[in-house]
Chemist: 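Quick one: structure below, then a few questions.
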Amino acid sequence: FIDSAFRSIPHISTFDIAKKYHYLANYYYDQQRDAAKSGAYADSMLLAITDSTQLPEHIKLYASALLIKGDAAKSESRYNDAISYFYRGRLFMRMTKDTCSFYEYDSRLSTLYYDLGRYKEAVRYYKKTLDVSLHCPQNLFTRFAQVQAQLDTIALCYPNMKQYDS
């Protein structure tokens, strides 16, 4: 379906191609649980827009490809690669100056560090996600749930670091 619909678009840009790969990368990661195919489509996204990172929407798509690559790497237990992709995606997102978009990257980093038992680093990134949750506009219930989740997980990190009174 996506290929036939895509062929009907008259003047396809590299950005359009990257968005198609974005859709497919998310589809294979979320629906098919195929990290390898998802990562391959994310690679295609990066290749399609490698020279197009001057516009904010291109930068966001490029950063999103790195987020997908990080998710795929984490699924394949390539944790150092995942950290690298999440961090690089966050650096790209900084170029847009859209601090509310940092949430996805900081959230992935905090969860990964927690899962790896690197609690001090997890706390640092959980606090960043907490700050974004408090300052960025969104549904009130979603904000409450995110803030509560960040606070709960920060609290869980301290006993794991043998810091019982923090």
Side-chain angles (χ1 to χ4, degrees), residues 2 6 9 11-30 35 38-75 78-116 118-155 157:
I2 188 82
F6 194 73
I9 299 172
H11 302 285
I12 298 172
S13 68
T14 56
F15 186 69
D16 295 327
I17 293 168
K19 286 185 76 168
K20 172 188 170 184
Y21 291 143
H22 183 258
Y23 171 83
L24 291 167
N26 282 320
Y27 171 77
Y28 280 104
Y29 187 79
D30 295 332
S38 177
Y41 279 113
D43 281 336
S44 296
M45 287 172 65
L46 294 171
L47 289 172
I49 57 175
T50 189
D51 296 328
S52 306
T53 54
Q54 299 306 312
L55 299 171
E57 59 270 13
H58 291 184
I59 294 168
K60 286 183 178 185
L61 194 59
Y62 193 90
S64 180
L66 293 169
L67 188 72
I68 293 166
K69 291 282 294 173
D71 286 339
K74 181 181 176 192
S75 293
R78 295 183 297 116
Y79 303 119
N80 288 333
D81 290 342
I83 290 168
S84 176
Y85 288 125
F86 295 150
Y87 187 74
R88 285 175 43 213
R90 188 181 192 285
L91 289 177
F92 255 92
M93 193 55 76
R94 287 181 68 150
M95 294 168 60
T96 68
K97 302 194 182 353
D98 178 5
T99 56
C100 292
S101 294
F102 294 177
Y103 180 87
E104 289 296 322
Y105 303 88
D106 291 339
S107 176
R108 298 295 206 296
L109 284 165
S110 60
T111 301
L112 183 52
Y113 283 136
Y114 184 88
D115 291 346
L116 293 174
R118 294 166 61 177
Y119 302 112
K120 190 172 186 174
E121 292 157 301
V123 167
R124 189 170 106 224
Y125 282 98
Y126 277 122
K127 286 182 178 180
K128 289 180 182 193
T129 60
L130 177 62
D131 184 58
V132 170
S133 295
L134 291 171
H135 294 100
C136 292
Q138 55 190 246
N139 172 303
L140 187 58
F141 178 76
T142 301
R143 180 183 302 174
F144 167 77
Q146 287 175 343
V147 167
Q148 192 61 49
Q150 304 314 321
L151 289 171
D152 289 349
T153 311
I154 289 169
C157 286

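Numbers for residues simply follow the sequence, beginning at 1. Quantities reported herein were computed from a predicted structural model and do not represent experimental measurements.
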Chemist: Testing Y113, Y87, Y103 for ring-ring contact (aromatic ring centres under 6.0 Å, His included) with Y125, which one passes?
Modeler: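 When ring-ring contact (aromatic ring centres under 6.0 Å, His included) is applied between Y125 and each of Y113, Y87, Y103, only Y113 qualifies.
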Chemist: Measure from the ring center of F92 to the ring center of Y62 and say whether it is less than 6.0 Å.
Modeler: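 Yes: the rings meet the under 6.0 Å criterion.
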Chemist: Does this structure show an ion pair linking E121 with R124, if we count only N-O contacts that are shorter than 4.0 Å?
Modeler: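 Result for this pair is no, no salt bridge flagged.
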Chemist: Quick one: sort the Y28 and Y41 rings into parallel, tilted or perpendicular, breaks at 30° and 60°.
Modeler: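 Y28 and Y41: parallel rings.
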Chemist: Do H11 and D16 make a side-chain contact, defined as non-hydrogen atoms from C-beta onward lying under 4.5 Å apart?
Modeler: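 Answer no - side chains too far apart.
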Chemist: With rounding to the nearest 0.5 angstrom, report the CG to CD1 distance, L47 to I17.
Modeler: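 Going from CG on L47 over to CD1 on I17, the span is 11.5 Å.
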Chemist: Does either side chain, that of S75 or that of Y29, offer a donor lying less than 3.5 Å from an acceptor on the other one?
Modeler: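 Yes, side-chain donor-acceptor contact under 3.5 Å.
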Chemist: I'd like to check L61 versus I49 (side-chain heavy atoms, cut-off strictly below 4.5 Å). Are they in contact?
Modeler: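 Contact flag for L61/I49 side chains = yes.
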Chemist: Tell me, do D71 and S38 make a side-chain contact under 4.5 Å, heavy atoms counted?
Modeler: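 The answer is no, as the side chains (C-beta and beyond) never meet within the 4.5 Å cut-off.
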Chemist: So, T111 side chain and R108 main chain: donor-acceptor pair closer than 3.5 Å or not?
Modeler: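 Answer holds: no.
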Chemist: Kindly indicate whether the side chain of E57, heavy atoms from C-beta on, has any atom under 4.5 Å from the side chain of K19.
Modeler: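 The answer is no, as the side chains (C-beta and beyond) never meet within the 4.5 Å cut-off.
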Chemist: Could you tell me whether a side-chain N or O of T153 sits under 3.5 Å from a main-chain N or O of Q150, the two making a donor and an acceptor?
Modeler: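 Side chain of T153 to backbone of Q150: no pair is present.
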Chemist: Could you tell me whether a side-chain N or O of H135 sits under 3.5 Å from a main-chain N or O of D131, the two making a donor and an acceptor?
Modeler: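 Indeed, once roles are kept as given, a pair shorter than 3.5 Å links the two residues.
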Chemist: Is a donor from one side chain sitting under 3.5 angstrom from an acceptor on the other, for S84 and D81?
Modeler: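 No - no donor-acceptor pair under 3.5 Å links their side chains.
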Chemist: Are any of the side-chain heavy atoms of I83 and F86 separated by less than 4.5 Å?
Modeler: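 A side-chain contact under 4.5 Å is absent here.
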Chemist: Answer whether the closest heavy-atom distance between the side chains of L67 and Y105 falls below 4.5 Å.
Modeler: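 Yes. Closest side-chain heavy atoms under 4.5 Å.
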Chemist: Shortest non-hydrogen contact from K69 to G39?
Modeler: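 Closest approach of K69 to G39, heavy atoms only: CD-O, 3.5 Å.
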Chemist: Do R90 and D106 have side chains that approach each other closer than 4.5 Å (heavy atoms only, starting at C-beta)?
Modeler: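 They are in side-chain contact.
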Chemist: Does the D115 side chain pair with the main chain of L112, one donor and one acceptor, at a distance under 3.5 Å?
Modeler: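 No; zero donor-acceptor contacts below 3.5 Å.
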